[in-house]
There are 2 protein chains.
Amino acid sequence: MSLDIQLPPRERLLQAAVELLANSDGAPVSTRKITELAGVTAPTLYHHFGDKEGLFDAVVAVGFEQYVASEMDLAPTGKPLDDVRSMWDQHVRFGIEQPHLYLVMFGKVRPGNRSNRVSEAEALLREKIDRAAESGHLNVPPADAVRSILAANIGVTLMLISEPETERNFELSDMTRDAVITAVSSDAGIADSATPVETSSVVVAAIALNAALESSNPQQLSNTEMKMFLEWLHRISKDS
Amino acid sequence: MSLDIQLPPRERLLQAAVELLANSDGAPVSTRKITELAGVTAPTLYHHFGDKEGLFDAVVAVGFEQYVASEMDLAPTGKPLDDVRSMWDQHVRFGIEQPHLYLVMFGKVRPGNRSNRVSEAEALLREKIDRAAESGHLNVPPADAVRSILAANIGVTLMLISEPETERNFELSDMTRDAVITAVSSDAGIADSATPVETSSVVVAAIALNAALESSNPQQLSNTEMKMFLEWLHRISKDS
DNA sequence: CTAGCACCTATAGCATTGCTATATGAAGAG
DNA sequence: CTCTTCATATAGCAATGCTATAGGTGCTAG
């Protein structure tokens with residue numbers, strides 16, 4: 001089983017944990033499998049890491065360093081909010097590429113007991129947000145901005161992870177990212193109450209689309225397609 | 001231990017599970033404690049619910065019905081986006097008031113394996129969003145709006161739950177809520193350089209028409225024509 | 001009334017889990 | 001050579017989810 005070359009047992013345990021965690025599709029990984037794969041016995045694990053969570057913490061710490069390192073690679077662009085955007089994207093990418101690590105870090109929520117990793121991620125984001133605040137790009141207190149962005153970021157990442165790979169739609173990430181960032185930024189104010197169009201019939205909607213199409217010609221349809229499309233649109237607008 | 005009045009064992013199991021879940025501060029609840037409190041033995045549990053998850057599913061179903069019921073109490077205001085806002089608030093409130101139930105419902109994420117509860121919540125939200133789309137309040141395809149809002153909603157709720165009660169700041173919820181809803185709504189344009197206003201109105205109208213067509217099928221087009229028409233409509237709503 | 005039948009519950013126990021009390025080995029210090 | 005210290009192994013405990021099997025319990029058919 002233990003195909004590892006001779007390394008210090010501590011390292012072999014870490015390596016085994018990472019490997020099993022990566023191939024277990026999110027199912028719980030037992031200490032026995034880990035020690036077996038590492039070619040060690042139980043007390044060795046507990047001698048080095050205290051308990052199972054200690055081992056996972058160590059594993060996560062390694063993963064988190066990669067995460068932080070990838071954040072640091074992103075040089076400041078001079079536009080702090082763009083840096084925040086990059087950070088969001090890195091966060092999502094990390095979650096998608098290492099879902100098991102990500103779930104160990106952010107997946108298990110306990111009431112009234114925030115995980116260390118959340119605090120660490122918050123601190124990382126806080127740095128960038130502070131820079132945005134300094135240069136007057138922020139609309140709300142930095143702490144609020146950080147919490148809102150991070151909450152949405154984690155929510156989106158968890159949702160993407162939970163979706164089958166085939167139907168993952170990353171527009172979800174971009175859209176939500178820009179939504180929360182725009183909301184906390186002073187660059188563009190959020191307008192509130194508006195004038196709803198109370199009518200909801202097919203005819204009215206068709207007419208509206210027709211009018212909109214006349215003032216701007218989108219490129220998604222060819223000329224012949226557009227011609228036919230408008231013809232049908234006209235027919236629909238006639239009556240219902 | 002079993003202080004319950006004589007009820008059918010199935011009900012006593014449910015009741016015991018709820019009670020233990022509520023008093024366990026998020027720690028795992030064992031089947032033995034449940035059966036002990038219910039005054040039953042193990043096979044009874046497995047006879048009625050299949051396995052532990054089945055029991056929790058049943059518990060959650062009850063909780064979810066409360067959740068849905070509280071949603072339904074909110075009469076439509078005529079402003080669909082306000083209804084969406086109420087729904088968000090109800091979601092958060094439910095999570096705060098019953099964190100253990102909430103965590104069973106939305107807390108355990110598995111890669112590529114979305115939970116039923118997420119799908120159900122999505123369907124509930126989808127209804128309201130569709131109404132917003134029908135009346136031209138939506139900026140993006142309803143499916144995208146729903147996912148974005150729900151992801152942020154869950155993310156915010158999880159974050160609030162994980163925070164100590166004393167320092168819970170509900171502004172986080174309001175802020176994020178308005179951010180994502182504003183982003184998907186056409187009532188107040190996001191100052192986003194990527195989406196010029198002219199095409200935006202086309203997109204809005206196309207989305208509204210699409211939603212309207214789904215709720216009433218007009219007879220002016222044949223089946224094949226309608227199919228192609230919808231295909232093009234979809235392409236137009238995708239934005240450019 | 002009784003025999004059969006379906007449904008529900010209990011006895012007892014298995015395999016796996018995280019973890020540990022205790023012992024054994026090796027390596028340096030005196 | 002002895003003694004201490006660190007690291008690993010032997011063996012096993014208590015708790016977990018779950019089940020093979022058997023025992024009631026009530027209903028319907030004869």
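Lettering of chains follows the sequences in order, A, B, ..., and the numbering in each one begins at 1.
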Heavy atoms only, 4.0 Å cut-off, all strands: where does B:Pro9 land among base, sugar-phosphate and nothing?
sugar-phosphate
Do the two ring centres, one from B:Tyr102 and one from B:His91, sit under 6.0 Å apart?
yes
How does protein reach along nucleotides 10-20 of chain C, written 5' to 3' as B (base within reach of a heavy atom under 4.0 Å), S (only sugar-phosphate), or - (no contact)?
BB-B---BBBB
Check this for me: does any side-chain nitrogen of one of B:Asp130 and B:Arg126 sit under 4.0 Å from a carboxylate oxygen of the other?
yes
Length of the CZ-P vector between B:Phe56 and D:dC18, whole Å
10 Å
Donor-acceptor pair, A:Arg147 side chain versus B:Asn169 backbone, under 3.5 Å?
yes
Tell me whether B:Ser148 contacts the main-chain N or O of B:Ala145 through its side chain, where contact means a donor paired with an acceptor under 3.5 Å.
no
A:Leu13 CG to D:dA9 C1', in whole Å, measures 14 Å
Whole angstrom is fine here: how far is it from NE2 in B:His48 over to P in D:dG17?
18 Å
Separation of D:dT25 C1' from B:His47 NE2 (nearest whole Å):
13 Å
Round to the nearest Å and state the distance from B:Leu20 atom CG to D:dT16 atom P.
11 Å
Whole angstrom is fine here: how far is it from CZ in A:Phe49 over to P in D:dT8?
11 Å
Holding to side chain to side chain contact (heavy atoms under 4.5 Å, CB included), I want the full list of residues that pass it with B:Glu127, two or more places apart in sequence or in another chain.
B:Arg131
In whole angstrom, what separates B:Arg10's CZ from C:dT9's P?
11 Å
Indicate whether the side chain of B:Arg12 and that of B:Gln15 have a donor and an acceptor atom separated by less than 3.5 Å.
no
